[in-house]
2 protein chains.
Amino acid sequence: MTQEALIEQLAAIVGADKVRTDDDSLQTFGTDWTKIYDPKPSAIVFPKTTEQVRDIVLLANKHALALVPSGGRTGLSAGAVAANGEIVVAFDYMNQISDFNAVDRTVKCGAGVITEQLQTFAEEQELFYPVDFASSGSSQLGGNISTNAGGIKVIRWGMTRDWVAGLTVVTGTGEVLNLNKDLLKNNTGYDLRQLFIGGEGTLGFITEATMRLTRAPKNLNVLVLGVPELDDIMKVLHQFQAAMDLTAFEFFSDKALQKVLARGDVPAPFESSTDYYALIEFEALTETELDTAMTLFEQCLENGWVADGVISQSETQAANLWRLREDISETISEWTPYKNDISVVVSKVPPFLRDIDDIVTREYPDFEIIWFGHIGDGNLHLNILKPDELAKEEFFQRCNKVSQWVFETVEKYQGSVSAEHGVGMTKKPYLQYSRSAAELAYMKAVKAVFDPNNVMNPGKLIDL
Amino acid sequence: MTQEALIEQLAAIVGADKVRTDDDSLQTFGTDWTKIYDPKPSAIVFPKTTEQVRDIVLLANKHALALVPSGGRTGLSAGAVAANGEIVVAFDYMNQISDFNAVDRTVKCGAGVITEQLQTFAEEQELFYPVDFASSGSSQLGGNISTNAGGIKVIRWGMTRDWVAGLTVVTGTGEVLNLNKDLLKNNTGYDLRQLFIGGEGTLGFITEATMRLTRAPKNLNVLVLGVPELDDIMKVLHQFQAAMDLTAFEFFSDKALQKVLARGDVPAPFESSTDYYALIEFEALTETELDTAMTLFEQCLENGWVADGVISQSETQAANLWRLREDISETISEWTPYKNDISVVVSKVPPFLRDIDDIVTREYPDFEIIWFGHIGDGNLHLNILKPDELAKEEFFQRCNKVSQWVFETVEKYQGSVSAEHGVGMTKKPYLQYSRSAAELAYMKAVKAVFDPNNVMNPGKLIDL
């Protein structure tokens with residue numbers, strides 16, 4: 001099919017004003033935050049209904065076209081990049097929030113609803129959508145669900161998976177499925193919904209989702225603790241979790257903290273410094289929780305696990321303490337960091353982290369390693385800063401070696417090569433470090449069931 | 001293959017003492033709680049390791065044998081019944097609990113570990129396994145996971161699905177998969193673990209699972225409220241959920257209560273009686289939660305939603321209030337009840353229940369309908385008692401008509417024909433009331449991927 005005929009057929013489905021082929025649009029909608037691949041889509045199409053998405057998929061099947069779904073384009077694994085002449089299906093116009101039900105605490109969202117839009121909507125209903133992360137202001141729900149997005153509150157509220165009551169999807173053969181009908185309990189065979197969650201659009205495209213909301217937490221308090229020994233962070237976690245429900249248990253290294261403090265925007269948590277820090281958040285409905293937290297803090301001090309600490313005395317101070325953790329990513333971006341998002345079971349975090357530290361430091365002593373992450377979930381963000389004197393190309397080349405070591409260490413500790421960022425194109429070559437050959441073969445076969453002609457986001461996650 | 005050769009080959013895998021063909025064993029291990037089908041297995045085999053299970057599956061593939069998994073045999077949908085000469089694979093000897101990790105709060109369980117065994121183990125570690133239901137004393141984890149068992153604490157702690165950190169399964173082709181490696185965060189493509197949860201052994205058999213444990217709740221308090229109007233139960237639920245986290249929100253009708261009280265084992269909750277009752281349970285870490293609950297109770301009284309109520313003043317009283325709800329099932333068993341386990345979204349419970357009540361009462365005015373269930377999850381247990389003067393056969397025949405009406409009503413309200421009991425054989429003919437033709441076709445195709453020779457629990461859930 002000629003490009004002209006293609007545009008005509010797409011326009012017949014969505015209307016001429018909803019097909020774009022200008023350079024600016026192709027560049028913008030053809031890529032995500034990875035910026036590794038050059039975007040080269042053939043067209044960007046903006047459906048407004050599930051039926052239009054279905055018609056696009058049927059057209060793709062008929063003419064062997066490749067489709068790439070595009071949400072907020074904040075992905076970090078190139079899962080929504082169109083580098084091979086694909087048609088990008090952008091969900092920006094499917095951004096309606098509807099059918100809120102106060103008793104069920106559910107609300108229907110188009111795939112293009114922005115995460116923050118749902119969070120704000122929930123607040124207006126005096127409820128709470130708990131999945132939150134750095135890109136909430138631009139990421140879209142369809143993308144969140146397709147990558148099973150996690151973030152900073154997983155320890156208490158889980159991943160996106162846990163908040164999806166129902167899904168409308170268009171499969172690779174153009175079938176429209178309404179999965180799970182928003183039910184809390186529904187044991188009628190294979191829960192196909194779970195395959196599309198985290199499926200990265202390779203089995204079908206999510207067009208609508210019914211999301212659950214919950215009670216908003218009240219009076220969140222933040223503790224930042226200085227922890228000299230990495231192993232002791234696990235003891236602190238264990239001590240706190242045994243006594244109270246935490247809403248966050250984050251971690252960062254002193255190197256990370258120093259970078260953030262150097263910007264001068266946020267005060268230091270306390271005067272002394274230690275190699276590692278834990279940030280603990282909890283809900284204090286009454287004074288009792290505050291007393292419990294203080295007692296636990298004192299026990300940690302007495303046991304020598306914690307050298308110093310601070311507890312927020314106001315919402316402003318809590319927000320400032322959070323910034324010590326949340327500003328890291330942006331702060332270090334000027335060093336063109338090599339990033340990796342990996343996980344192991346919580347108890348294995350210290351030896352796993354040390355192993356990677358040791359290898360990288362031995363091989364590349366000039367590399368500065370910045371660790372932070374959701375340690376309460378076993379999820380670490382490894383960041384390596386480019387030394388100023390090293391050329392970009394040389395740095396990236398060396399980082400390929402680092403990746404190899406990291407993934408071998410992940411395999412040794414039976415961890416995940418992608419804790420919360422998905423697979424896309426960047427992690428696809430490394431899947432075998434986390435999934436067995438038999439699993440990969442089954443994944444291929446599952447892909448073939450839902451997308452036999454390989455039109456849905458081909459080249460991402462797994463090849464047919 | 002002759003029966004003799006079969007026994008020999010099975011004995012070669014598990015040892016001669018782990019194969020049984022005596023009548024008693026065939027009768028016992030060939031059925032579950034449904035007792036509708038006559039058990040006719042050809043042999044019962046008791047593997048002790050995943051490798052033995054794999055070898056049995058490979059043997060079944062080679063000789064086109066059918067395998068039925070057997071756990072605690074407490075199923076209510078005939079999912080573990082061997083009525084056609086199948087080999088029953090019983091997991092009773094795979095009942096080891098091991099590898100407890102206090103930091104990760106996980107523990108490895110053989111498929112044959114009894115639910116209560118895990119609950120007790122958790123208690124010994126000062127932790128909690130929260131999935132609980134009437135058959136916990138005999139049901140096995142492999143079965144719980146294969147049917148995604150729910151129960152009485154779903155509103156706070158979710159279904160079995162939410163507690164499975166990792167699974168070891170033997171697929172229908174004899175592949176051993178270690179799924180998810182017990183990770184909290186692992187976004188490396190299709191989460192195949194989710195297919196085996198609720199898969200009723202039709203894709204593969206679960207041999208081991210790593211289960212999560214959590215903090216044990218403290219000081220659970222129970223409220224029983226008399227609610228004259230069904231619609232008002234939803235208002236009570238909404239009022240309570242907006243203000244506090246509930247650990248249970250159950251419901252039963254006055255007809256159910258009167259049956260339980262007539263046994264004379266438990267006192268009435270209060271003097272007056274109303275058509276419906278709500279049982280609310282919550283954790284009171286401090287006096288504040290008790291005060292909140294009392295305030296909410298008073299508001300419900302003032303609004304006229306609640307006519308009377310009682311709050312437990314001791315653990316004994318709490319236990320007695322729970323018995324009003326938990327004793328129903330056993331109490332009514334003498335009336336040979338027709339049972340159905342169905343769900344709709346929570347807000348639709350009142351009109352849904354009324355619709356079914358109206359049809360059954362109109363058509364069979366002599367039938368007594370007993371409602372109870374997990375109303376906070378939209379899950380209702382419908383029970384119809386056999387009138388004394390009606391012959392069993394006639395009653396069951398009429399109940400087939402009732403089933404038809406029930407499932408048509410389920411379809412009308414977009415509900416589930418099996419909320420928590422699974423599909424097995426009894427719900428298989430009615431799956432289309434909850435799943436579309438396209439979904440059923442995909443389910444068949446998924447089955448074909450994992451069990452192409454249809455050796456794993458054939459005839460259950462979905463036919464190849």
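Lettering of chains follows the sequences in order, A, B, ..., and the numbering in each one begins at 1.
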Chain A contact via [X] - which portion, at a heavy-atom distance below 4.5 Å:
{"X": "A165(B)", "answer": "neither"}
{"X": "T214(B)", "answer": "neither"}
{"X": "A242(B)", "answer": "backbone"}
{"X": "M159(B)", "answer": "side chain"}
{"X": "N101(B)", "answer": "side chain"}

Seminar exercise, completed: Counting heavy-atom pairs under 4.5 Å with chain A, the top scorer among R193(B), E200(B), H374(B), E126(B) is H374(B)

For this session: Return the option, out of D377(B), V344(B), I462(B), with the maximum number of heavy-atom pairs under 4.5 Å with chain A.
Result: D377(B)

Seminar exercise, completed: Rounded to the nearest 0.5 Å, the CD atom of E287(A) sits from the OG1 atom of T288(B) at a distance of 9.5 Å

Problem set entry | Between CG on residue D162(B) and CG on residue D162(A), distance to nearest 0.5 Å | 6.5 Å

Shorter than 4.5 Å, heavy atoms on both sides: which option in [options] has the most such pairs with chain B?
{"options": "G199(A), S436(A), A102(A), G198(A)", "value": "A102(A)"}
{"options": "D245(A), T292(A), T202(A), L461(A)", "value": "D245(A)"}
{"options": "G415(A), G378(A), G150(A)", "value": "G415(A)"}
{"options": "A441(A), S343(A), S347(A)", "value": "S347(A)"}
{"options": "T147(A), T106(A), L237(A), L127(A)", "value": "T147(A)"}
{"options": "V103(A), V345(A), T171(A)", "value": "V345(A)"}

Exercise: identify the closest heavy-atom pair between [X] and [Y]:
{"X": "G189(B)", "Y": "V423(A)", "value": "N-CG2, 3.8 Å"}
{"X": "L184(B)", "Y": "G376(A)", "value": "CD1-O, 3.8 Å"}
{"X": "L192(B)", "Y": "Y442(A)", "value": "CD1-CB, 4.0 Å"}
{"X": "Q414(B)", "Y": "L183(A)", "value": "O-CD2, 4.0 Å"}

Problem set entry | Donor-acceptor contact present, side-chain R105(A) to main-chain Q241(B), <3.5 Å | yes

Exercise. Does D104(B) reach the main-chain N or O of V346(A) with its side chain, forming a donor-acceptor pair under 3.5 Å?
Worked result: yes

Exercise. Can you find a side-chain donor-acceptor pair between S418(A) and N187(B) that sits under 3.5 Å?
Worked result: no

Exercise. With distance as the sole criterion, is a donor-acceptor pair present between the side chains of T188(A) and Y433(B) under 3.5 Å?
Worked result: no

Problem set entry | All salt bridge (charged side-chain N to carboxylate O under 4.0 Å, His left out) counterparts of R161(A), not counting sequence neighbours | D191(B)

Exercise. Going by the salt bridge (charged side-chain N to carboxylate O under 4.0 Å, His left out) test, which pairs reach into residues 418-442 of chain B, not counting sequence neighbours?
Worked result: K185(A)-E420(B), K428(B)-D463(B), R435(B)-E439(B)

For this session: For Q432(B), look at atom CD and say whether over 12 heavy atoms of other residues, nucleotides or ligands are found less than 6.0 Å away.
Result: yes

For this session: Would you please go through residues 173-182 of chain A and name the residues with a non-hydrogen atom below 4.5 Å from one of chain B, in numerical order?
Result: T173(A), E175(A), L177(A), N178(A), L179(A), K181(A), D182(A)

For this session: With sequence neighbours left out, write down each residue that passes side-chain contact (heavy atoms from CB on, under 4.5 Å) with L203(B), or none if nothing qualifies.
Result: Y190(A), L195(B), F196(B), V446(B), K447(B), F450(B)

